[in-house]
Amino acid sequence: MSRYAAAEIEAKWQEAWDKANVFRAERSADKPKYYVLEMFPYPSGRIHMGHVRNYTMGDVIARHRLATGHNVLHPMGWDAFGMPAENAAMAIGGHPKEWTYGNIADMRAQMKPLGLSIDWTREFATCDPEYYGQQQALFLDFLEKGLVYRKNAVVNWDPVDMTVLANEQVIDGKGWRSGADVEKRELTQWFFKISDFSEELLEALDGLDNWPAKVRLMQENWIGKSRGIEIPFQRKDGGDPIVCYSTRPDTMRGASFIAISPEHPVSRALAEDNAELATFIAETRKMDTTEAAMEKAEKKGIETGITVQHPVYPDQTLPVWVGNFVLMDYGTGAVFGCPAHDQRDLDFARKYDLPVRNAFYMPGQEIEVENEALVPAKTEPVVFIDHFAGIKDVTSQDAIDNTIDYFEEHNLGKGQVKYRLRDWGLSRQRYWGCPIPVVHCDACGVVPEAKENLPVVLPDDVTFDVPGNPLDRHPTWRDCTCPKCGAAAKRETDTMDTFVDSSWYFARFTSPDAATPTNAEDAAYWMNVDQYIGGIEHAILHLLYSRFFARAMHICGHLPESAKEPFDALFTQGMVTHEIYQTRDANGRPVYHLPEDITDGKLADGTEVEIIPSAKMSKSKKNVVDPVSIISAYGADTARWFVLSDSPPERDVEWTASGAEAAFKHLSRVHRICAEIATSSDAASPEADEQLLREMHKAIHDVTGGVESFGFNAAIAKLYGFTNTLAKSKAGAAAKQQAAKTLAQLMSPMTPHLSEELWQTLGGEGMVIHAPWPVADEAMLKDDTVTLPIQINGKRRAEISVSPDMPKDEVEKLAMTQDAVIKALDGAQPKKVIVVPGRIVNVVI
RNA sequence: GCGGGCGUGAUGGAAUGGUAGACAUAUCGGACUUAAAAUCCGAAGGCCUUAGUGCCGUGUGGGUUCGAGUCCCACCGCCCGCACCA
């Protein structure tokens, strides 16, 4: 009997699929379409287990849909622009373009052996001029519709390398290469007007029923709609009032200071003749621009000397401070501080000895705030002290509403709805990205490039021996003529954020060769993406940007109205993790070791290694397993089977050598069992046949359910069980062959090559990929008897075996005859008996 | 810091509010073998001088419920995101 020769089987069936052109997606009216998409990879050069897991999941869905009669679109491409290519060029020389296309070729070669059901004819990379040229066309359309504009924004500036740094390149406030203190610099940059869509993007979340609730919630919080109020505070020195924005005007009575942003016009004006303040503002500008860093940084302030009047209690005077924690981007760049009811304000007040005044307290306990701010939930009732709007015992939410009304009635302020969502800055001062297609003309100003001049192609003759954007120093690339007046002009040298590239690639896959960004018929037919799969790390930005882009593309006529929400269903999968093996060098610094160098917790020379629990696979920790070596050792089906087993897809899965070995052994076993069954001539056995077929229908039911609901691990557990049943069954050859063919089919989304081989061995007709998905017979799913546990006061004490249809009162009667029940009751009547048919009986005493 | 998530045997994990630990790994025992590998069969959450229809047990502490791994509150730990990483 032949062994399970994965390499041979896999090559053979991949060729057969190619020949039959099974994965080619063409529009068709006779079948329902199904578009399944996994987030496309960045071409780093090597595929990793995370890719294998992600693409295998998508492949299971795609192959299952194929088997259920759908016209499936399952494309693949490359998110190919970005910093790593430039970093590689700087570190090892070469050109980002060569590096990137070389990596794509390598990764494609590593991916193909997985046997994914991908229509490779639709493949593209975002760095192809054919793709980014259409992206430039989109940009021009957006510009025309007022969806893009220019404004000033700050960037991280490395004063030594004379270059703009990404947040990732700023480490503890210093440039990652130069180590110099990073400064902030203001540049004129392009922005997408995503904030115009705040309300729409928020409201439409409700309709995304097939998105994880957590992602919708994260997006809701990110958009951050708040109802608040703008309150002008009159300056005692007669200057323009300082307008504060607050979402908690119910705390007004406790206001004891005003804090304004260092970038606030008042701060800037004062700094001109206040050296101390100027220094403070300069210091603040050195802070990381990330929100996380701002929030974690020590809250500092400096008093301006300006005072304002409390709008409701005119005898109260509040000092105005400049605070490093106030963001100019949000609200009005000024807030009032209420230390009693806000922890940050309280810490600030304690630090600078500012007064702490309660606005309210909890009913029944009049607490003075000490070191912990009193912040009740908005729905909790509180007692207001001396409140101007005449409210006493109400919830904070009611108090907020009343206060806003009161302020509006008395002309003291204006209710305002605000969103946290900011416009999307897309300008990047880098070479390896999509050029922004505009020119700067001395006479006409900023002029969009003419569409017939697209694509604006990146020049190849650039060098990376010095930092900064090579486009800036290119001798001729910038030179162009103004599309408006024909005079000599200069190209924009900024390129687009790589998030732009990934915000519409899903639409481009519907017609990758179209001469416009999309083809209307193809987009109408294939959109939306029926199932999108990717990492939870993209829960906010990528998905929100894509939702915005779909709307903007609709406005410009590139997508139908129905594609405004481009992803019908979203699934966020977990990572592949691995243990970390570590030893220490002479200086006590950690040294990491590759898993393949470890045997029984030891290195080849016998040195014991420290085992650190599972963590995300990363090159620096060396806890990586190369899919290529796994595939050559065991085959793609084993790798696919393993990444789907054990862990639920949304959670992390730990790669273990023993697990991979076990997956291989199992597939070998299935191969062997099926080969035996194929040649078996056992006579039929009515009882055993019936039993096997019942189990087969249960397996069809459970595996189908698992595949359709992302319960791949559960589906695989069921397949293990069914394989055992089949192996032990005393059924006749015919029943066994039927069961084995079904097993091959049920496994085919996960182990497509092996399934084809088994199907052929068992005499199945054609290829399993063309066989319709089996359907479970409902009548075969019911058991004759069920075991009901009997609980007494919630603790299991006995069990009875009954027909699933036995009426409730009969089940109760039978339960009462059980020894354990009689003993526990001791002649008394039970307080209550709960019978859940088919589930449980609980006797309450 | 803020927003979101997760926490179950030695390990990965299963479990529409209804028998906690399915399935798998590692481990141990047995069969087969001259031997090993492979294969097959089986044991197994913890506790106990009472081995039971016993007690305890799903990060910690409370709560709701006839019944909680599951729902609610608080805390602890870990993970993801925080707008120029992709």
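Values in this document were obtained by computation on a predicted structure and should not be read as measured data. Lettering follows sequence order; numbering is per chain, from 1.
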On a whole-Å scale, what distance lies between the [atom1] atoms belonging to [N] and [M]?
{"N": "B:C73", "M": "B:C55", "atom1": "P", "answer": "33 Å"}
{"N": "B:A44", "M": "B:A24", "atom1": "P", "answer": "15 Å"}
{"N": "B:G21", "M": "B:G69", "atom1": "C1'", "answer": "11 Å"}
{"N": "B:G45", "M": "B:A20", "atom1": "P", "answer": "14 Å"}
{"N": "B:G13", "M": "B:G4", "atom1": "C1'", "answer": "23 Å"}
{"N": "B:U19", "M": "B:C28", "atom1": "C1'", "answer": "27 Å"}
{"N": "B:C72", "M": "B:G7", "atom1": "P", "answer": "13 Å"}
{"N": "B:G59", "M": "B:U50", "atom1": "P", "answer": "31 Å"}

Are there any protein N/O atoms within less than 3.5 Å of an N/O atom in nucleotides 25-32 of chain B, and if so, which ones and at what distance?
| residue | atom | partner | partner atom | Å |
| --- | --- | --- | --- | --- |
| B:U25 | O2' | A:Ser658 | OG | 2.8 |

Set of side-chain hydrogen bond (donor to acceptor under 3.5 Å, both in side chains) partners for [X], sequence neighbours left out:
{"X": "A:Glu298", "result": "A:Lys351"}
{"X": "A:Arg285", "result": "A:Glu263"}
{"X": "A:Gln818", "result": "none"}
{"X": "A:Arg150", "result": "none"}

- Query: A:Asn156 or A:Met218: which one's nearest nucleotide on RNA chain B is closer to the 5' end?
  - Reply: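 Of the two residues, A:Met218 wins.
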
- Assign each of A:Arg796 and A:Lys718 to its nearest nucleotide of RNA chain B by heavy atoms, then name whichever residue's nucleotide is nearer the 5' end.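 By nearest-heavy-atom nucleotide position, the 5'-most residue is A:Arg796.
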
Looking across every strand, which nucleic acid part, if any, lies under 4.0 Å from [X] by heavy atom: base, sugar-phosphate, or nothing?
{"X": "A:Lys795", "result": "sugar-phosphate"}
{"X": "A:Arg420", "result": "base"}
{"X": "A:Ser427", "result": "base"}
{"X": "A:Gln169", "result": "nothing"}
{"X": "A:Asn724", "result": "sugar-phosphate"}
{"X": "A:Arg669", "result": "sugar-phosphate"}
{"X": "A:Lys299", "result": "nothing"}
{"X": "A:Thr787", "result": "base"}
{"X": "A:Val215", "result": "nothing"}
{"X": "A:Leu217", "result": "sugar-phosphate"}
{"X": "A:His542", "result": "nothing"}
{"X": "A:Gln189", "result": "base"}
{"X": "A:Lys214", "result": "sugar-phosphate"}
{"X": "A:Pro648", "result": "sugar-phosphate"}

- Please state whether the phosphate of B:A86, meaning OP1 or OP2, lies under 4.0 angstrom from any side-chain nitrogen or oxygen of A:Thr498.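 Yes, such a contact exists.
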
- Message: Check the phosphate of B:G12 against A:Asn713, side-chain N and O only, distance under 4.0 Å to OP1 or OP2. Yes or no?
- Response: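 Answer no for this pair, as no side-chain N or O of A:Asn713 is under 4.0 Å from OP1 or OP2.
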
- Message: Nearest 0.5 angstrom please: A:Asp472 CG to A:Met162 CE, how far?
- Response: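 Reported value, rounded in 0.5 Å steps: 11.5 Å.
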
- Message: So, taking the atom named CG in A:Leu543 and the one named CG in A:Leu541, what distance separates them when rounded to the nearest 0.5 Å?
- Response: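 Between A:Leu543 CG and A:Leu541 CG, I get 9.0 Å after rounding to 0.5 Å.
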
- Task: Considering only NZ, NE, NH1 and NH2 on the basic side and carboxylate oxygens on the acidic side, decide whether A:Arg177 and A:Asp161 come within less than 4.0 Å.
- Result: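 No, no charged N to carboxylate O under 4.0 Å.
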
- Query: Are A:Lys728 and A:Glu695 close enough for a salt bridge, meaning some N to O gap below 4.0 Å?
  - Reply: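 Salt bridge flag = no for A:Glu695 with A:Lys728.
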
- Task: Please check if any side-chain donor atom of A:Tyr532 sits under 3.5 Å from a side-chain acceptor atom of A:Trp211, or the reverse.
- Result: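 Short answer, no.
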
- Query: For the side chain of A:Asn842 and the base of B:C66, is some donor closer than 3.5 Å to an acceptor across the two?
  - Reply: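 Checked by distance alone, the answer is yes.
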
- N/O donor-acceptor pair, side chain A:Arg797 with base B:U19, under 3.5 angstrom: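 Such a pair does not exist between side chain and base.
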
Considering only side-chain heavy atoms of [X], which listed nucleotide, [options], is closest?
{"X": "A:Glu537", "options": "B:G81, B:C84, B:C85", "answer": "B:G81"}
{"X": "A:Leu541", "options": "B:G18, B:C82, B:C85", "answer": "B:C82"}
{"X": "A:Trp222", "options": "B:G1, B:U19, B:A83", "answer": "B:A83"}
{"X": "A:Arg839", "options": "B:U19, B:U16, B:C84", "answer": "B:U16"}
{"X": "A:Arg430", "options": "B:A83, B:G3, B:C84", "answer": "B:C84"}
{"X": "A:Lys728", "options": "B:C41, B:A22, B:U16", "answer": "B:C41"}

- Task: Would you mind calling B:G30 syn or anti? Take O4'-C1'-N9-C4 for purines or O4'-C1'-N1-C2 for pyrimidines, and syn is within 90° of 0.
- Result: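 For B:G30, whose glycosidic angle is more than 90° from 0, the conformation is anti.
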
- Query: Only one of A:Tyr132, A:Phe81, A:Trp99 forms a ring-ring contact (aromatic ring centres under 6.0 Å, His included) with A:Trp432, so which one is it?
  - Reply: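 The residue from A:Tyr132, A:Phe81, A:Trp99 that satisfies ring-ring contact (aromatic ring centres under 6.0 Å, His included) with A:Trp432 turns out to be A:Phe81.
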
Tell me the interatomic distance from [X], atom [atom1], to [N], atom [atom2], rounded to whole angstroms.
{"X": "A:Glu291", "N": "B:G3", "atom1": "CD", "atom2": "P", "result": "11 Å"}
{"X": "A:Arg428", "N": "B:C85", "atom1": "CZ", "atom2": "P", "result": "7 Å"}
{"X": "A:His666", "N": "B:A24", "atom1": "NE2", "atom2": "C1'", "result": "10 Å"}
{"X": "A:His51", "N": "B:A86", "atom1": "NE2", "atom2": "P", "result": "14 Å"}
{"X": "A:Glu295", "N": "B:C82", "atom1": "CD", "atom2": "P", "result": "15 Å"}
{"X": "A:Asp702", "N": "B:C23", "atom1": "CG", "atom2": "P", "result": "13 Å"}

- Query: Stem ranges for RNA chain B, with three or more consecutive Watson-Crick or G-U pairs under 3.5 Å?
  - Reply: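 Output for stems: B:1-7 with B:76-82, B:10-12 with B:23-25, B:27-31 with B:39-43, B:45-47 with B:54-56, B:59-63 with B:71-75.
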
- Test item: A:Asn324 side-chain N/O and A:Lys300 main-chain N/O as donor-acceptor pair under 3.5 Å: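 Judged by distance alone, yes, a pair lies under 3.5 Å.
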
- Taking A:Thr495 for the side chain and A:Tyr431 for the main chain, is one N or O donor matched with an acceptor at less than 3.5 Å?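 No, because the side chain of A:Thr495 does not come within donor-acceptor range (under 3.5 Å) of the backbone of A:Tyr431.
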
- Task: Tell me, please, whether A:Phe348 has A:Lys299 positioned over its six-membered ring: NZ or CZ under 6.0 Å from the ring centre and within 45 degrees of its axis?
- Result: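 Judged by the rule, A:Lys299 and A:Phe348 form no cation-pi pair.
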
- Task: Please lay out, stage by stage, how A:Trp176 and A:Glu168 fare under the test side-chain hydrogen bond (donor to acceptor under 3.5 Å, both in side chains).
- Result: CA-CA 9 Å; A:Trp176 67 339; A:Glu168 191 190 52; over 6 Å; no

